[in-house]
Every structure is written in C-alpha cells, then in structure tokens.
Amino acid sequence: MTAKLIRGTEIAKAIQQELKEEVKALKDKHNIIPGLVTILVGENPASVSYVTGKQKTAKELGFFSIQDNQPADISQAQLLTLVDKYNKDPQIHGILVQLPLPKHIDENQVLLAINPDKDVDAFHPINVGKLMIGEASFYPCTPYGVQQMLIRSGVEMSGAEVVVVGRSNIVGKPISMMLVQKQKGANATVTMCHTGTKDLAEHTRRADILIVAAGRPKAVTADMVKDGAVVIDVGVNRIGMTAEGKAILCGDVDFEAVKEKASMITPVPGGVGPMTITMLMLNTANAAKAASGLK
Ligand code: GUN
C-alpha cells in the first residue's frame, strides 16, 4: 500500500481562508481586529524562522501584529515587565513568547506571567489544567493542528488505538490528553511512549494512529508500523544545507519506507508545520472574540 498524503499545507490554506473571512466580518460588524504579539529573545535561527512565519501569516489574515525582538541578555525582570505591558494592551489579544528562552531565564515563570486569556500557545498552567479536565479555552497549536488534520482527513478517532511517541509539554502530553477526552474528534485509547519505554516497537505496531514527536530523525522505521496505520510526523530535523543555504529537513519518521505501509502519512516539510501557525491564528481570533464577549 502506498499511503495517501495528508497535506498540511492544503488543510492550513483552507482553514486560513475560513479565518480570513471571519476576520473581515469581525472588523466590519464589530470593529474588532485580532492582535498578536510575538516576543523573540535572542537570534536562534530556528526561532527567528518560526516567528517570521507567524508574523507573515498574521499580516496576511488582516491581524494587528507586533514582532517584539529582545536581546539574548534581557533580564528575567525586564521580560516579565514586557509581558505585563502586553497583558494590559487592549489591542493585543494573543501573546506568544517563542521558546526556548536563554538559560538564565526561568521559562515557567515567563509562561505563568502571561494572562491566561491571551495565552494563545495554551502553555499557562491554567490552560494546561483546563485541557486536562476537558474545558479548554485554547488548545496548544501543534496538537490542535494534528487533531484538525486527522478530523479533516476523515480519520475516526473514537475507539482508535493511538500511540504517541514523545512526552514533551508542547506536543506529546497535550495531544495525548486531547485525544483521550470524551469529545468529538477524540475518545481514543491513547498510549504515550518516551525514552523510558521498554519496547517502543511493540507499542507502535499496535497503533491505528501513530503520532511521532520524538525529536530524533527517522526514529520510526517501517518495521515499527502496522499495515494501514495513519502516521503523523511532528518532527522537524535540520539534517544539512543545500548549496543555496536552505535547510534540508526530515521528520522523525522514515518517510520513504513507512509510506509503503501506512494508509495515510504526513510529509515533512508540508505536513504538521503549516498547521501550527494556522492554529495560532485561530486561537488569536478566538481570544479577540472572547475579549469582546463574542463566542
Ligand atoms: N517553540 C517551538 N514550538 C513552539 C510553540 O508552539 N510556541 C512557542 N511559543 N515556542 C515554540
């Protein structure tokens, strides 16, 4: 079997089109313009690239957006003051502090300082807790993107065996928590695997839906995948440079071999990546609506 590609680029485009129309209606009917600030500390090339993409999309969708670049040696107190400024800014509905932060800054303290109503990353403990009890205001962007890709590709989640490889706070833990909820687009039996898992392949081979966020190139090989499984590759690994200086990317799944066994698979690039940005925009638009008492 050669797998059907789940093209995040196309699904993201469709959601962005819906969003663009909604943003226009919000402006025309309610005079609301969703506002997003992205705070970047330092010049980590991957972070610069992610933040640039987020800003570009925000502008294309008609958002008010601010790119706030801060030097790598900003103090924790200065960063907290900056977050507070945007907490109080009525034009800003979403605050994103790009991670990772430099080592001298306590990431958890910064995330805790963001007003949970503007926490469009859904990393604040209040939003993490609300997700856990099935009462989320925001879903974290990458897991939300993964869930939307599955839903919009017609994959049945209810009762499915889902195996998640990776237990990060950004992907592995929240996607597991989302798909286990007794809700539409969820209700799965979820197994979370990690570096302490004794026999990874034994788990992955049971998966109807395999979600890989291991942070290791080609961590999942064809022998680890059940025939007909749906495979979502969240990994983005830079494995080299082209002669023109463009990064060569590969996922956490051995795509060429696994696509011969899976029924559906996401490519890298062009899979989950474009969905993350799109869901950030959706969260920001929803935050703007909520701030004005709209649903
Ligand atoms: N770094 C890598 N992914 C993310 C993300 O989704 N949000 C933020 N804020 N930082 C990240």
Side-chain angles (χ1 to χ4, degrees), residues 8 12 15 36-58 65-70 72 74 79-80 82-83 86-87 92-103 105-128 131 136-149 164 166-178 211-216 232-238 247 249 251-252 268-269 271-284 286-287:
I15 297 173
L36 173 70
V37 60
T38 48
I39 301 175
L40 174 66
V41 178
E43 290 172 1
N44 172 322
S47 294
V48 170
S49 156
Y50 288 140
V51 163
T52 306
K54 288 166 187 174
Q55 281 295 323
K56 182 169 170 273
T57 308
S65 68
I66 299 175
Q67 166 63 46
D68 194 328
N69 292 333
Q70 295 293 328
I74 188 174
L79 187 53
L80 292 176
L82 187 68
V83 167
Y86 292 118
N87 278 341
I92 293 296
H93 306 100
I95 301 171
L96 181 138
V97 179
Q98 186 66 27
L99 304 179
L101 289 169
K103 290 214 163 36
I105 292 179
D106 181 344
E107 221 159 77
N108 286 336
Q109 287 302 317
V110 176
L111 298 180
L112 205 55
I114 297 172
N115 176 348
D117 295 336
K118 297 190 178 190
D119 172 35
V120 284
D121 258 329
F123 291 166
H124 190 289
I126 291 227
N127 286 321
V128 176
L131 174 67
S137 308
F138 300 112
Y139 294 112
C141 305
T142 300
Y144 195 9
V146 168
Q147 188 187 37
Q148 283 299 313
M149 288 174 105
V164 177
R167 58 175 156 188
S168 70
N169 290 337
I170 294 183
V171 183
K173 283 181 200 160
I175 190 70
S176 302
M177 198 44 68
M178 284 166 70
I211 301 172
V212 189
R216 201 157 44 86
I232 306 288
D233 187 353
V234 185
V236 183
N237 305 287
R238 285 156 197 256
L249 304 178
D252 291 353
V268 177
V272 177
M275 294 298 292
T276 299
I277 294 187
T278 303
M279 304 330 282
L280 173 69
M281 302 305 144
L282 188 59
N283 280 348
T284 306
N286 286 339

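Along the sequence shown, residues are numbered consecutively beginning with 1. All figures in this text were calculated on a predicted structure; none of them were measured in a lab. Indexing begins at 1, ligand by ligand and atom by atom, following the structure's order. The figures here come from the full heavy-atom set of this structure, side chains too, leaving out hydrogens, waters and symmetry mates.
- Here's the thing with Gln98: one of its N/O atoms is less than 3.5 angstrom from an N/O atom of ligand 1.
- Summarising the geometry, atom CZ belonging to Phe138 is positioned 7.5 Å from atom CG belonging to Asn286; distances are rounded to the nearest 0.5 Å.
- For the side chain to side chain contact (heavy atoms under 4.5 Å, CB included) test with Phe123, the passing option among Leu99, Val128, Val110, Val97 is Leu99; the others fail.
- Just one residue in the list Leu79, Leu96, Ile66, Asn69 forms a side chain to side chain contact (heavy atoms under 4.5 Å, CB included) with Ile39, and that residue is Leu79.
- At a heavy-atom distance under 4.0 Å, only backbone atoms of Val97 (N, CA, C or O) approach ligand 1.
- With respect to atom 3 (N) of ligand 1, the closest heavy atom belonging to the protein is Ile170 CD1, 4.2 Å.
- Taking distance alone, with nitrogen or oxygen atoms compared against 3.5 Å, Leu99 approaches ligand 1 more closely than that limit.
- In this structure, Leu101 CG and Glu107 CD are separated by 5.0 Å, a value rounded to the nearest 0.5 Å.
- The shortest heavy-atom contact between Leu80 and Ala113 is CD2-CB, 3.6 Å.
- Only the side chain of Leu96 comes within 4.0 Å of ligand 1, counting heavy atoms alone; its backbone N, CA, C and O stay farther away.
- For the pair Tyr50 and ligand 1, the shortest N or O to N or O distance does not fall below 3.5 Å.
- The protein atom (non-hydrogen) at minimum distance from atom 7 (N) of ligand 1 is Asp121 OD1, 3.0 Å.
- Annotation: the span from Tyr50 atom OH to Gln98 atom CD amounts to 8.0 Å, rounded to 0.5 Å.
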